[in-house]
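See below for the structure under consideration.
Remember, it's a predicted structure, so these values are computed and weren't measured experimentally. Letters A, B, ... mirror the listed sequences (proteins, then strands); counts begin at 1.
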Number of protein chains: 2
Amino acid sequence: MQGQAATVRFASLARLKRDDIRALREMAGPTSRYPAGSFLQVAGSPVSDPMLLLDGWAISSLDVTEGGRQIVKVHMPGDLVGLTSLPFTTCVDTVIALNDVQVCTVSQAAIGKLFHNNARLAALLFLISLEERVMLADRLVMVGRTATSQRIAALILQLRDRMLRSDPSIGLSFRFPLTQLHVADMIGVTTVHVSRIVQELANEGLLKWERGKVTILDIKALQLWVGTTSRELVQEPTWLPLP
Amino acid sequence: MQGQAATVRFASLARLKRDDIRALREMAGPTSRYPAGSFLQVAGSPVSDPMLLLDGWAISSLDVTEGGRQIVKVHMPGDLVGLTSLPFTTCVDTVIALNDVQVCTVSQAAIGKLFHNNARLAALLFLISLEERVMLADRLVMVGRTATSQRIAALILQLRDRMLRSDPSIGLSFRFPLTQLHVADMIGVTTVHVSRIVQELANEGLLKWERGKVTILDIKALQLWVGTTSRELVQEPTWLPLP
DNA sequence: CGACTTCTTGAGGAGACTCAAGGGTGGTGG
DNA sequence: CCACCACCCTTGAGTCTCCTCAAGAAGTCG
């Protein structure tokens with residue numbers, strides 16, 4: 001049960017062997033639940049064990065001295081939360097639950113054992129973290145070099161793509177648990193500006209955003225507008241260690 | 001010889017055992033040199049083997065559809081170039097040599113073997129890639145949420161810190177192989193604006209920038225101005241697999 | 001000595017910000 | 001069941017950062 005979400009994530013790059021799946025399940029520690037708004041991790045506190053997000057969404061953000069924040073990642077079920085802090089002595093980011101979430105801890109020791117006992121899964125974990133680094137680079141490009149309307153459109157399309165991975169049945173209209181403040185904090189503008197640009201996008205017949213729900217009206221035009229850079233994941237890299 | 005640069009990089013997180021060092025040297029393939037301005041890798045081309053940068057600097061950038069580019073990383077000796085493209089079928093970024101460089105290839109197969117034969121080094125490689133992801137997140141914060149003068153100051157301080165890692169002897173005045181265009185492409189503004197802000201920083205007695213050479217005039221004030229978020233690397237993580 | 005590339009300077013304009021106030025919506029308690 | 005509060009979104013006016021365009025100066029390389 002607990003390994004389910006993680007399994008999906010790992011399997012995006014290579015088919016898992018029976019042993020792989022067993023190893024993943026064994027890594028998972030006790031499960032716990034937190035209500036919406038909970039702090040799952042606080043930047044600056046000592047690094048503890050990473051967590052596997054089983055259900056619900058969460059955001060990672062870094063604080064800016066002057067009182068703003070930049071959201072660096074939206075976590076969805078299957079994501080490992082707190083991994084990025086591993087190389088450091090204190091937590092890098094603050095993680096907040098967007099809705100009610102369910103997590104289980106994955107101890108640092110378990111990760112060490114993974115590298116020792118299952119080179120194949122360890123390599124997959126490495127690849128996943130590289131993929132996330134690229135997603136971050138894409139966001140940087142977006143924030144540094146595109147107009148706000150493109151950023152908003154790109155963000156919505158990306159999040160929908162990630163939702164599609166775990167639920168291929170969602171259509172052009174879907175629940176969207178981020179507020180405009182969250183989006184503003186992700187793309188580096190103010191809420192006021194997000195509000196205005198969302199209206200523009202609506203006026204142009206591209207998308208509609210009503211409290212907690214987004215409807216894409218013209219997905220072709222939207223993709224064209226953001227200048228879609230689709231990246232294809234490699235399947236079964238030849239160099240992966242065998243199980 | 002060839003493993004030298006990489007050794008330094010890995011050793012930032014944990015002391016290397018004799019076997020570790022031997023394993024690193026064995027990974028390195030043939031060495032080659034490229035003149036300044038060479039394309040070491042082109043975004044969109046099929047993924048080939050990563051390279052270990054032995055000497056010289058290089059930049060990774062992503063292209064924007066409208067004709068701009070965003071530089072996502074400055075590579076220095078010891079950095080593995082092209083790793084980020086591993087999870088994908090085509091290269092993610094374009095890598096250009098800033099000055100004359102020397103590289104050696106590190107085949108994908110060698111990386112696979114590393115995971116298989118040396119769990120400890122593999123885990124260190126994983127940690128290094130996590131660290132780079134955090135550096136990217138920091139850049140995102142900078143681009144998304146701070147004034148241009150802070151971005152420039154932060155960039156210069158960061159690059160100097162990285163130079164210090166390999167050469168503890170550099171002082172407050174040092175060679176700086178990036179042009180203002182490069183800096184502009186890193187922080188998401190135009191050269192024109194960079195030029196003006198650099199002059200402001202000079203007028204305020206913070207730093208001086210003359211073609212290829214930067215002098216920090218008041219490092220305390222500069223660090224204060226950027227709101228220094230120094231991160232301390234963990235030493236000898238307890239969970240690392242033993243050799 | 002040209003031909004580049006890099007950096008500088010000026011003027012005008014657009015995008016995004018700040019501040020401030022008001023309207024919805026959902027939740028909570030009396 | 002209604003009143004109230006907290007949070008989210010909207011709207012307007014004025015301001016500032018940063019951009020664009022354009023031209024020129026200062027190095028740099030063949």
Side-chain angles (χ1 to χ4, degrees), chain A residues 35-38 59 64 66-71 96-100 142-153 156 175-204 207-215 225, chain B residues 35-38 59 64 66-71 96-100 142-153 156 175-204 207-215 225:
Chain A
S38 304
I59 52 168
V64 185
E66 289 107 47
R69 68 172 177 181
Q70 173 74 41
I71 296 177
I96 301 179
L98 271 183
N99 32 38
D100 294 353
M142 185 171 106
V143 170
R145 303 253 86 113
T146 69
T148 299
S149 58
Q150 288 175 299
R151 300 183 204 178
I152 294 175
I156 288 175
R175 290 218 67 243
F176 194 78
L178 301 179
T179 67
Q180 294 192 358
L181 175 58
H182 290 130
V183 170
D185 284 342
M186 292 194 78
I187 66 178
V189 296
T190 58
T191 35
V192 175
H193 199 221
V194 169
S195 169
R196 287 195 239 262
I197 300 299
V198 165
Q199 287 171 68
E200 269 183 27
L201 288 171
N203 289 340
E204 288 166 23
L207 61 81
K208 218 167 54 183
W209 180 341
E210 312 133 305
R211 297 183 167 269
K213 187 181 147 210
V214 164
T215 306
W225 173 232
Chain B
S38 304
I59 51 168
V64 185
E66 290 107 46
R69 69 171 176 181
Q70 172 74 42
I71 296 177
I96 301 178
L98 272 182
N99 31 40
D100 294 354
M142 185 172 106
V143 170
R145 304 254 83 117
T146 68
T148 299
S149 57
Q150 287 174 301
R151 299 183 204 178
I152 294 175
I156 289 175
R175 289 218 68 242
F176 194 77
L178 301 179
T179 66
Q180 293 191 359
L181 175 58
H182 290 131
V183 170
D185 283 343
M186 292 194 78
I187 66 177
V189 296
T190 58
T191 35
V192 175
H193 199 221
V194 168
S195 169
R196 287 195 239 263
I197 301 299
V198 165
Q199 287 172 67
E200 268 183 27
L201 289 170
N203 288 340
E204 289 166 20
L207 62 81
K208 218 168 51 183
W209 179 342
E210 312 133 304
R211 296 181 170 270
K213 186 181 149 211
V214 164
T215 305
W225 173 230

Next item on the list: Give a yes or no on whether the backbone of B:A36 and the side-chain of B:D100 come within a donor-acceptor separation of less than 3.5 Å.
Entry: yes
Note to self: Between A:R145 and A:W209, which residue's closest nucleotide on DNA chain D lies nearer the 5′ terminus?
What the structure shows: A:W209
Item checked: Below 4.0 Å: OP1/OP2 of D:dT10 and any side-chain N or O of A:Q180 -> yes
Margin query: Return whichever of A:R151 or B:G212 has its heavy-atom-nearest nucleotide of DNA chain C closer to the 5' end.
Written below: B:G212
Item checked: Nearest non-hydrogen partners of A:R151 and A:M142, listed with the distance -> NE-O, 3.4 Å
Check: Under 4.0 Å between a side-chain N or O of B:T190 and OP1 or OP2 of D:dC19?
Finding: yes
Next item on the list: Can you check each nucleotide of nucleotides 21-30 of chain D against protein heavy atoms at under 4.0 Å and return B for base, S for sugar-phosphate only, - for none, in 5' to 3' order?
Entry: B----BS---
Check: Hey, what bend do you get for the helix from C:dC1-D:dG30 to C:dG22-D:dC9 if you fit axes on five pairs at each end, rounded to 10°?
Finding: 50°
Check: Got a donor-acceptor contact below 3.5 angstrom from the B:R145 side chain to the A:V189 backbone?
Finding: yes
Check: Has B:Q199 got a side-chain N or O lying under 4.0 Å from the OP1 or OP2 atom of C:dT9?
Finding: yes
Note to self: Tell me whether the side-chain N/O atoms of B:S195 come closer than 4.0 Å to OP1 or OP2 in C:dC7.
What the structure shows: no
Notebook entry, point to check: Do side-chain atoms of A:E200 reach the backbone of A:R196 as a donor and acceptor pair under 3.5 angstrom?
Noted result: no
Notebook entry, point to check: Does OP1 or OP2 of C:dA16 have a side-chain N or O of A:T148 closer than 4.0 Å?
Noted result: yes
